[in-house]
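Only one structure is covered here, and it is reproduced in the block below.
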Amino acid sequence: MLATLAATGKRVTGHRPWPRVLVSPETWQLASKGLSEGSLSLLGLWGDETHVHMALYEEGSPPADAIAVFSLACPERRFPSVGKHHAPAIRLERAIRDLCGFEPDGAPDTRPWLDHGRWRSSGGEPYLFLPVEGEDLHQIPVGPIHAGIIEPGHFRFTASGETVVRLEERLGYVHKGIESLMAGATIERAAR
């Protein structure tokens, strides 16, 4: 399936170690549906200044055709949601929205992921955790600063007695500035 989908796009020359293909929104959606059907596996989903990219793996394919990167141009800052078909992509789409400003059309969760009201996407609106419904359920908020947490994060445990029935986390409280430090750096300095 992956090789067939890749053949519909325009291959980017010199991309290594796996082929990168510029695809149409239709091919992007077919790949997303392949994820929901289990014929493809999602290796990564990210954005840059002009495109969103999806790295895919197809088990059982010849090694040369097992992995491909699909790139979709987003001239209007929008792309078809992958998370609509494949739930593990939802948080990655939320990060793309926060970091790159691209809107995933049809996304099941449009809340900010990393933006805590200080960036462009959320406009300072309060973050809404998923509602808790049911008998004998209660929420336990932890963080963002807590002795048991290595990285700052806010966690909402929904519990029924001692059984945790949902955990929702909110990350992105610290920014190390690594991207700015890497801009224009040599390979040696970046590796350090």
Side-chain angles (χ1 to χ4, degrees), residues 20 23 25 27-29 31-36 40-56 69-134 137-160 164-183 190:
R20 179 174 160 228
V23 297
T27 300
W28 183 270
Q29 288 182 321
S32 298
K33 288 177 183 170
L35 291 168
S36 71
L40 298 174
S41 296
L42 183 65
L43 299 179
L45 182 65
W46 68 98
D48 61 25
E49 294 84 18
T50 58
H51 291 75
V52 287
H53 309 276
M54 180 168 37
L56 299 164
V69 176
F70 285 6
S71 297
L72 178 67
C74 300
E76 296 179 17
R77 318 288 302 158
R78 305 187 79 75
F79 66 98
S81 172
V82 178
K84 175 180 172 180
H85 303 285
H86 188 61
I90 293 171
R91 288 186 182 156
L92 298 171
E93 287 183 342
R94 290 169 65 191
I96 290 169
R97 183 175 176 258
D98 285 354
L99 297 172
C100 302
F102 294 138
E103 291 291 333
D105 290 328
D109 190 347
T110 59
R111 296 173 299 159
W113 176 242
L114 302 171
D115 184 354
H116 294 270
R118 298 175 187 206
W119 301 352
R120 66 179 172 268
S121 63
S122 70
E125 298 170 12
Y127 185 83
L128 299 176
F129 286 90
L130 297 175
V132 175
E133 296 177 12
L137 292 179
H138 57 280
Q139 278 191 341
I140 304 163
V142 177
I145 305 299
H146 185 273
I149 301 173
I150 296 168
E151 292 284 335
H154 180 86
F155 302 87
R156 291 275 174 112
F157 295 88
T158 301
S160 175
V164 175
V165 295
R166 179 192 298 147
L167 167 62
E168 189 175 358
E169 64 276 345
R170 186 142 193 240
L171 307 175
Y173 284 90
V174 248
H175 184 274
K176 298 176 184 176
I178 291 175
E179 184 176 343
S180 296
L181 292 172
M182 301 269 294

Self-check item: Passing option when Val52 is tested against Trp46, Phe70, Trp28 for side chain to side chain contact (heavy atoms under 4.5 Å, CB included)
Solution: Trp28

Quiz item: What pair of heavy atoms forms the shortest contact from Gly106 to Ser81, and how long is it?
Solution: C-CB, 3.8 Å

Self-check item: Listed partners of Phe157 passing ring pair (Phe, Tyr, Trp, His ring centres under 6.0 Å), at least two apart
Solution: none

Practice problem: Ignoring hydrogens and angles, tell me if any N or O in the side chain of Arg97 forms a donor-acceptor pair with the backbone of Thr110 under 3.5 Å. | Solution: yes

Quiz item: Hey, would you say the His51 and Phe102 ring centroids sit under 6.0 Å apart?
Solution: no

Exercise. Might you point out which heavy atoms bring Ser160 and Leu137 nearest each other, and give the distance in Å?
Key: CB-CD2, 3.7 Å

Quiz item: Is it true that Arg77 and Glu103 make a salt bridge, defined as a side-chain N closer than 4.0 Å to a carboxylate O?
Solution: no

Self-check item: Check: Glu93 and Val82 side chains under 4.5 Å, non-hydrogen atoms
Solution: yes

Quiz prompt | Closest heavy-atom pair and its distance - Pro141, His154 | solution = CB-CE1, 3.8 Å

Quiz item: What is the distance from atom CH2 of Trp113 to atom CZ of Arg170, rounded to the nearest 0.5 Å?
Solution: 9.0 Å

Exercise. Enter the distance from Phe79:CZ to Met54:CE here, rounded to the nearest 0.5 Å.
Key: 9.5 Å

Practice problem: Might you point out which heavy atoms bring Leu72 and Pro80 nearest each other, and give the distance in Å? | Solution: CD2-CD, 3.5 Å

Quiz prompt | Point-to-point distance, once rounded to the nearest 0.5 Å, from CG of Leu42 to CG of Leu92 | solution = 6.5 Å

